[in-house]
Amino acid sequence: MNQPLSALDILDLVLPGDVQVSPDGSKCAFVLVRMDRDENVQKASVWIVPTDGSAAARRLTYGPRRDSMPRWSPDGRWLAFLSNRDADWRADLYVVDLRGSEPRRVAQLPRGIEAYAWAPDSSRFALLGRPDYPVDPDRDLPKDAEDARKRYEERVRHVSRFRYRLDGSGLLDDEPRRIWICSREGGDEAKGGPTPITDGPWEVLRPRWTPDGRIAFTSNRNDDHESSDQEDLWVMSPDGGEPTKLTTEPGSIASYSFGPQGQCALIAAFEDDAFGSARNMRVFVDYKLRTAGFDRTAIDTVLSDTVAPSEPHDPVWSPDGSLLHFLVSDAGSVGIHRMAAEGEPALFAGGHRVIPSFSIGGRTVAFIPPSHDDPGTIRAVDPDGSSERVLHDPNPWVKERALGSLRELPVEVDGTKMDGWALLPPGHADGTKAPTLLYIHGGPHAAYGWSFSLAFQVLAGAGYAVVYCNPPGSQAYGERFARAVIGRWGEADFPFFMKLVDRALESGFADPERLGVGGASYGGYSTLWVVTHTDRFKAAVSARPVSLLESFYGSSDIGWGFGAREMGAEPWDDPDQYRRLSPALKLQRVTTPLRLIACLADHRTPPEQAEQVFIRLKKMGKETDLVLFHGEPHGVVIVGKPWNRVRHMRAILEWFDRFLKPDQ
């Protein structure tokens with residue numbers, strides 16, 4: 001049998017992302033993220049490939065760090081991208097002439113460029129970034145940009161707003177982002193260099209050009225802009241001036257785009273935000289709801305650890321503006337749906353796959369469709385969905401490895417059906433029993449599904465069967481299903497986890513004496529809930545959990561909003577609710593050996609949440625330990641330092657091996 005996947009293979013797996021088809025449909029640019037073992041950093045480069053499959057992909061950029069966000073000029077002559085090749089902390093804008101030239105830097109902002117968009121005539125850009133660092137009146141001027149940044153980060157901070165930190169970014173800058181305009185030729189402000197066109201105390205996001213040459217963006221300019229997740233869509237002249245509001249009421253806007261005739265498509269939710277991420281994100285065209293009877297969310301909610309992370313995907317118009325394409329999460333799959341000016345949305349590309357990125361140009365649709373046995377290839381189809389072809393496989397070596405075999409394992413509890421799966425070890429023989437791990441997803445409004453799971457394949461390669469499911473709360477089955485866990489964390493989904501384990505035992509592959517349970521984020525919370533409500537598991541790993549809901553409310557970057565919505569009340573209005581659903585207050589029941597994993601730069605589920613559990617269990621004399629990762633955010637398993645990603649996987653394997661494979 002071929003060699004199975006192991007934790008070290010994390011260093012070799014290349015993460016594809018951000019496919020972008022040229023306007024004529026002949027070429028596709030995309031990003032590949034590689035793990036640098038020696039420098040212990042992730043590096044990204046831009047690649048390009050013909051969409052007819054006539055030639056191999058070639059690397060286009062060779063920056064020493066991260067080249068990302070490739071975007072074609074509307075006339076197809078240039079390709080722009082962001083690169084931090086000059087400073088690790090700052091991304092600048094580069095342009096390459098595809099007729100033959102080296103990349104040329106055309107724009108730089110004081111604190112880096114976060115996003116950008118081409119003008120319709122390919123002559124200018126709209127940029128998103130923050131202004132110069134403020135001058136310290138008590139000190140001489142900084143020597144250079146690096147010195148200015150260092151001084152700013154060391155300043156005394158006076159916090160008066162909810163959003164002063166963000167996981168993955170740390171403590172946020174005080175000055176809001178601005179939109180800037182610059183020429184494709186670059187230069188200083190007097191010669192076409194970046195010129196700001198927005199100002200004021202409001203954040204601006206997602207700059208786009210309209211077909212008639214105006215600048216659109218999302219922003220909350222209401223009095224509640226520091227506390228609300230609601231935004232409006234605005235438009236203004238690239239020469240500056242006052243913006244005009246396009247939306248009639250604020251809403252949660254995930255993404256948007258303009259069609260060639262000026263029509264506007266929004267992926268958004270405009271109803272009351274009491275349910276937060278348990279709401280469906282819906283499709284609006286020219287501010288009219290087009291998916292009223294479509295009970296699925298129009299964003300990607302299915303978890304994957306083999307593709308580069310990205311922001312919510314924009315809706316994409318066909319070149320003639322007659323069809324609108326967008327992603328839909330449905331029962332563990334993410335597919336491309338499309339609809340015409342009239343009629344309901346229909347699946348265009350999907351099946352048992354999870355598509356996080358797609359693009360349309362000319363007569364080509366390119367996308368990345370990971371599936372249970374494919375970590376993700378660059379593919380293309382014709383406008384009718386035919387002639388699917390692989391343009392580039394960044395990980396051909398995976399085909400030479402022995403992979404776990406997947407089987408569906410659906411269950412039902414009190415009339416509610418749930419999707420479940422079992423990944424069995426490579427070469428598993430029917431009738432034999434394997435140590436079995438129940439794994440629980442985060443969110444709680446995310447989902448497992450048909451994507452390739454590197455972590456689960458590594459566990460399967462080590463001899464474990466992994467069972468996982470989408471219990472009530474998961475976001476790919478309609479709003480009622482997603483909302484079922486609100487105010488009922490742990491209580492609503494625990495019976496489904498136990499039913500899945502029962503089903504695994506009935507199927508004959510699970511060893512009842514060697515059961516383990518694990519998960520991260522909300523899955524870490526659920527792991528704690530499980531071990532405080534049953535003793536059937538012999539080992540547990542709770543990674544980056546929520547454990548004490550009252551402290552999570554204030555210590556998490558989102559606790560004050562997300563936590564209140566998920567509990568259905570503020571902690572001072574219903575303290576009993578927060579305490580009843582806090583596993584940290586039930587730890588005296590624990591008999592299962594428990595490992596906790598936390599990241600010291602995690603602002604989403606801060607390490608304090610794991611520490612609350614560890615210290616209590618340690619004081620009680622129970623079997624436990626705590627693994628801490630320095631400098632890593634919540635998403636360490638995707639965006640973390642390469643060797644930390646390996647060690648995170650090893651920390652999970654080591655604990656389960658210790659208690660479920662003691663003879664080995």
Side-chain angles (χ1 to χ4, degrees), residues 16-32 45-61 68-81 95-101 116-123 184 208-209 211 255 257-263 265 307 310 313-327 335-341 346-350 353 355-369 376-394:
D18 205 358
V19 292
Q20 297 289 325
V21 179
S22 61
D24 65 1
S26 66
K27 296 177 286 293
C28 178
F30 56 94
V31 173
L32 295 182
S45 54
V46 178
W47 291 60
I48 193 167
V49 65
T51 57
D52 61 3
S54 60
R58 64 182 178 90
R59 185 172 177 177
L60 186 67
T61 69
S68 62
M69 204 180 289
R71 297 293 182 267
W72 296 92
S73 61
D75 63 9
R77 177 176 170 182
W78 291 279
L79 187 71
F81 62 93
V95 169
V96 57
D97 187 336
L98 293 177
R99 296 175 302 179
S101 71
Y116 71 96
W118 281 96
D121 65 359
S122 303
S123 68
R184 189 191 64 234
R208 310 279 191 271
W209 292 79
S255 60
S257 65
F258 291 94
Q261 288 81 39
Q263 62 272 58
V307 294
S310 60
H313 205 288
D314 281 349
V316 180
W317 294 91
S318 59
D320 64 0
S322 64
L323 294 170
L324 181 66
H325 303 71
F326 51 93
L327 296 179
I336 304 170
H337 282 60
R338 70 180 181 186
M339 61 183 179
L347 181 65
F348 169 72
R353 302 190 285 190
I355 300 174
S357 177
F358 75 99
S359 177
I360 300 175
R363 294 186 53 78
T364 300
V365 181
F367 55 100
I368 303 172
T377 49
I378 312 299
R379 298 182 179 230
V381 295
D382 292 342
D384 61 359
S386 65
S387 303
E388 183 168 324
R389 51 205 179 269
V390 176
L391 304 181
H392 181 67
D393 183 355

Open item on the list: What verdict does the side chain to side chain contact (heavy atoms under 4.5 Å, CB included) test give for S73 and L79, after you've listed the backbone C-alpha separation in whole Å, the side-chain angles of each residue and the deciding distance to 0.1 Å?
Closed with: CA-CA 6 Å; S73 61; L79 187 71; over 6 Å; no
TODO: With side chain to side chain contact (heavy atoms under 4.5 Å, CB included) as the test, would you mind laying out the steps for F81 and M69 before giving the verdict?
DONE: CA-CA 5 Å; F81 62 93; M69 204 180 289; 6.0 Å; no
TODO: Under the side chain to side chain contact (heavy atoms under 4.5 Å, CB included) rule, what do F367 and E388 come out as? Steps first, then yes or no, please.
DONE: CA-CA 10 Å; F367 55 100; E388 183 168 324; 3.9 Å; yes
- [ ] Show your working on salt bridge (charged side-chain N to carboxylate O under 4.0 Å, His left out) between D18 and R71 and close with a plain yes or no.
- [x] CA-CA 9 Å; D18 205 358; R71 297 293 182 267; 3.1 Å; yes
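Here W317 pairs with S257 under the side-chain hydrogen bond (donor to acceptor under 3.5 Å, both in side chains) rule; sequence neighbours left out. In this structure S22 satisfies the side-chain hydrogen bond (donor to acceptor under 3.5 Å, both in side chains) test together with D24, sequence neighbours excluded.
Side-chain N or O atoms of S45 include none that pairs as donor or acceptor with a backbone N or O of T61 at under 3.5 Å. When atom types are taken as modelled, the side chain of S122 and the backbone of D75 share a donor-acceptor pair closer than 3.5 angstrom. Between the side chain of Q20 and the backbone N or O of W72 there is no donor-acceptor pair closer than 3.5 Å. No donor-acceptor pair under 3.5 Å is formed between the side chain of S386 and the backbone N or O of D382.
Here the closest heavy-atom approach between residue P356 and residue V307 is recorded as CG-CG2, 3.9 Å. Residues V31 and S68 share a closest heavy-atom pair of CG2-CA, 4.1 Å. Nearest heavy-atom pair, P211 versus P260, reported as atom, atom and distance to 0.1 Å: CB-O, 4.0 Å. Residues A380 and T51 approach most closely at CB-O, 4.2 Å, considering heavy atoms. Annotation for R59 and W47: closest pair N-CE3, 3.5 Å, computed over non-hydrogen atoms. Scanning both residues, P50 and L391, for their nearest heavy atoms gives O-CD2, 3.7 Å.
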Listing, residues 359-366 side-chain donor-acceptor contacts under 3.5 Å, not counting sequence neighbours, or none:
{"unit_1": "S359", "atom_1": "OG", "unit_2": "V21", "atom_2": "N", "d": "2.9"}
{"unit_1": "T364", "atom_1": "OG1", "unit_2": "G25", "atom_2": "O", "d": "2.8"}

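Counting heavy atoms from C-beta on, the side chains of F30 and V49 come closer than 4.5 Å. The shortest distance between side-chain heavy atoms of D314 and R208 falls below 4.5 Å. The side-chain heavy atoms of L327 and I355, taken from C-beta on, include a pair separated by under 4.5 Å. Put simply, the side chain of H392 does not reach to within 4.5 Å of the side chain of R58, judged on heavy atoms. Residues I378 and V390 have side chains not in contact (no heavy-atom distance under 4.5 Å, counting atoms from C-beta outward). Taking 4.5 Å as the limit, some side-chain heavy atom of W78 sits within range of a side-chain heavy atom of W118. Two residues are said to be in side-chain contact when any heavy atoms from C-beta on lie closer than 4.5 Å; T377 and P16 fail this criterion. In this structure the side chain of V381 reaches within 4.5 angstrom of the side chain of F348, judged on heavy atoms.
Considering CG of L60 and NZ of K27, their distance stands at 11.0 Å, rounded to 0.5 Å. Distance check, rounded to the nearest 0.5 Å: NE2 of H337 to NE2 of H325 gives 12.0 Å. The CZ atom of R338 sits 8.5 Å away from atom OG of S322, with the distance rounded to the nearest 0.5 Å.
R389 has no carboxylate O lying under 4.0 Å from a charged side-chain N of D52, or vice versa, which leaves the two without a salt bridge. A salt bridge is absent between D121 and R184: the closest approach of a Lys/Arg side-chain nitrogen to an acidic carboxylate oxygen does not fall below 4.0 angstrom.
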